[in-house]
Amino acid sequence: MLSLKNTEADPPPLRKPRKVVDGSLLVLLGFTLAGGLAVLWTSGLDRTIEIVAETFRFIALLTPKIAAGIFIAATLPMLLPRDRVGRLIGRESGLRGLVVAAACGAALPGGPMMTFPLAAGLTLAGADLGAMIAFISGWSLLGLNRTLIWEFSFLPSDLVWTRYLLSLPAPVLLGLAARAVMQRRVA
Amino acid sequence: MNILIGTVLIGAAALWLWSYLPNSQWRHASYRASLDTFLFTAPRVLVALLGAGFFAELLPEDQVRRLLGAEAGITAVFLAIALGPLTPGGAFVSFAIGAAALKAGAAPVAAIAYVTSWSLFSTTKIFAYELSFMGRQATLVRILVSLPVPFAVAGLAYLL
């Protein structure tokens, strides 16, 4: 783990506020409304209300996790020393940075509520897109927690091993591809 | 149970981070930033999870299993890859469907393609979390470079 900045003397960094309502939220809202209407049409009002209630129960269950995840996402970039993060997993970090990022992703135990805030925080702290894609892919393809707890309980182990070993190089390759794409955009 | 363990882990990480905030000025700035992030994230997570709930209801689960199970070969693999992103819910759901398809006679290659495709392109993850936190450009680049992965993994698994 990185050592954190000695911040006693410095003031906290400022943040730019983001727009809450934008295109992606409206598209999402459209899909959800369409889905809700379709359920209302096919399964009736009772079932629709039941699904909404189920979702809110699930959200209530997730709330402590979401709150902690949001706090981490907002606070981590304030505390992480930008130059060190940049050297470790920034644009110039090379293959080693991608391997480090992919391994961190695979070792990360949480769900998406942990991973994406962390990736966003690391981006603000100086990680490049290639490393973040290696990190996210490492988590989604090679996450140890999910494979050990869920995948091996449901699927035959030879199939799990085949999938896991074949996916092993993917996060680093995807990070390299993302860096190539971004470089072409800049050039 | 899994949610509880995750909550404890992520809560401990948050407390550990909080302990590094040196003084009240920093703590205040951290709370402000957290509130900003909350206002941005909360509506997205709420709307996306509601949407996931609705689409789970609409998806004909029996038919999904039958199609994946009945068809072997390349069509099943393509179908499996297409179905991956549409699977709502968490790892639990996708592994359960994969296992059910296998039992119904699906080729293992199709199951591998399905799980890989779900891992990379689950629409729940993308819409509820990735777009909210990473933004449109980063998400698009990741999806574009990842597109060949399920095909490559399935192809290699087929050769093995």
Side-chain angles (χ1 to χ4, degrees), chain A residues 4 7-8 11-12 15 17-18 20 24-25 28-29 31-32 35-36 38-39 43 51-52 54-55 58-59 61 64-65 68-76 78-79 109-114 116-117 119-120 129 133 136 140-141 146 150-151 154-155 159 162-163 166-167 170 174 177-178 181, chain B residues 2-3 6-7 9-11 13-14 17 20 22 25-26 29-30 33-34 36-41 43-51 53-55 57-58 90-92 95-96 98-99 108 111-112 115-116 119-120 125 127 129-131 133-134 136 138 141-142 145-146 149 153 156-157 160:
Chain A
L4 300 174
T7 43
E8 196 69 60
R15 279 173 69 96
R18 282 177 294 185
V20 172
S24 69
L25 180 61
L28 192 58
L29 203 59
F31 272 110
T32 299
V39 171
S43 308
I51 292 172
V52 172
E54 264 169 32
T55 306
F58 183 57
I59 288 174
L61 199 65
K65 222 168 153 176
I70 285 174
F71 175 77
I72 291 174
T75 308
L76 192 68
M78 292 170 56
L79 286 170
M113 205 52 233
M114 171 90 128
F116 290 111
L129 184 61
I133 284 176
I136 292 169
S140 55
L141 286 172
R146 168 150 31 89
W150 296 115
E151 197 170 4
F154 278 101
L155 299 172
L159 188 148
T162 307
R163 187 199 70 75
L166 288 175
S167 301
L174 294 179
V181 169
Chain B
N2 232 16
I3 285 187
T7 306
L9 277 176
I10 194 170
L17 201 60
Y20 274 93
Q25 194 195 1
W26 274 80
S30 147
S34 300
D36 276 354
T37 310
F38 172 79
L39 289 177
F40 184 81
T41 312
R44 285 165 175 75
V45 172
L46 177 69
V47 172
L49 288 178
L50 273 174
F54 291 141
F55 280 99
E57 176 77 9
L58 295 170
F92 182 84
F95 293 142
I112 287 178
V115 171
T116 308
S119 302
L120 287 169
K125 274 190 273 185
F127 281 106
Y129 304 103
E130 189 168 14
L131 278 171
F133 282 103
M134 304 302 292
R136 211 174 329 174
V141 171
R142 188 189 70 77
V145 297
S146 304
V149 173
V153 168
L156 288 169
L160 279 179

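In what follows, chains carry the letters A, B, and so on, assigned in the order in which the sequence lines appear, proteins first and then strands, with residues in each chain numbered from 1. Computed from a predicted structure; not experimentally measured.
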- A:Thr75 vs B:Tyr20, side chain to side chain contact (heavy atoms under 4.5 Å, CB included): CA-CA, chis, key distance, verdict: CA-CA 10 Å; A:Thr75 308; B:Tyr20 274 93; over 6 Å; no
- Task: Please lay out, stage by stage, how A:Val52 and B:Phe54 fare under the test side chain to side chain contact (heavy atoms under 4.5 Å, CB included).
- Result: CA-CA 8 Å; A:Val52 172; B:Phe54 291 141; 3.9 Å; yes
- Message: Set out, in order, the CA-CA distance, both residues' side-chain angles and the distance that settles side chain to side chain contact (heavy atoms under 4.5 Å, CB included) for B:Glu130 and A:Ile136, then state yes or no.
- Response: CA-CA 10 Å; B:Glu130 189 168 14; A:Ile136 292 169; 4.1 Å; yes
- Query: Between B:Ser119 and A:Ser140, is a side chain to side chain donor-acceptor pair (under 3.5 Å) present by the stated rule, with each step listed?
  - Reply: CA-CA 5 Å; B:Ser119 302; A:Ser140 55; over 6 Å; no
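Rounded to the nearest 0.5 Å, atoms OG (A:Ser167) and CG (B:Leu156) are 10.0 Å apart. To the nearest 0.5 Å, atom CG of residue B:Leu50 and atom CG of residue A:Leu29 are 10.0 Å apart. Between atom CD1 of residue B:Ile112 and atom CG of residue A:Leu166 there is a gap of 6.5 Å, rounded to the nearest 0.5 Å. In this structure, CG on A:Leu141 lies 6.5 Å from OG1 on B:Thr116, to the nearest 0.5 angstrom.
Contacts between B:Val153 and chain A at a heavy-atom distance below 4.5 Å involve backbone atoms as well as side-chain atoms. Both the backbone and the side chain of A:Leu174 come within contact range of chain B, judged by heavy atoms closer than 4.5 Å. Looking at B:Leu160, the atoms closer than 4.5 Å to chain A (heavy atoms on both sides) all sit in the side chain, from C-beta outward. Heavy atoms of A:Leu159 lying under 4.5 Å from chain B belong to its backbone as well as its side chain.
The minimum heavy-atom distance linking A:Phe116 with B:Phe133 is given by the pair O-CB, 3.8 Å. Contact detail for A:Ala178 and B:Val141: the closest heavy-atom pair is CB-CG1, 4.1 Å. Between A:Ala74 and B:Thr37 the shortest heavy-atom distance is CB-OG1, 3.6 Å. Nearest heavy-atom pair, A:Ile51 versus B:Gly53, reported as atom, atom and distance to 0.1 Å: CG2-C, 3.7 Å. Here the closest heavy-atom approach between residue B:Ala138 and residue A:Ile133 is recorded as O-CD1, 4.4 Å. When all heavy atoms are compared, the tightest approach of A:Ala119 to B:Met134 is CB-SD, 3.6 Å.
Listed for the A:Thr32 side chain is a donor-acceptor partner under 3.5 Å among the backbone atoms of B:Val47.
When each of A:Ala68, A:Gly36, A:Pro117 is checked for heavy-atom pairs under 4.5 Å with chain B, A:Pro117 comes out on top.
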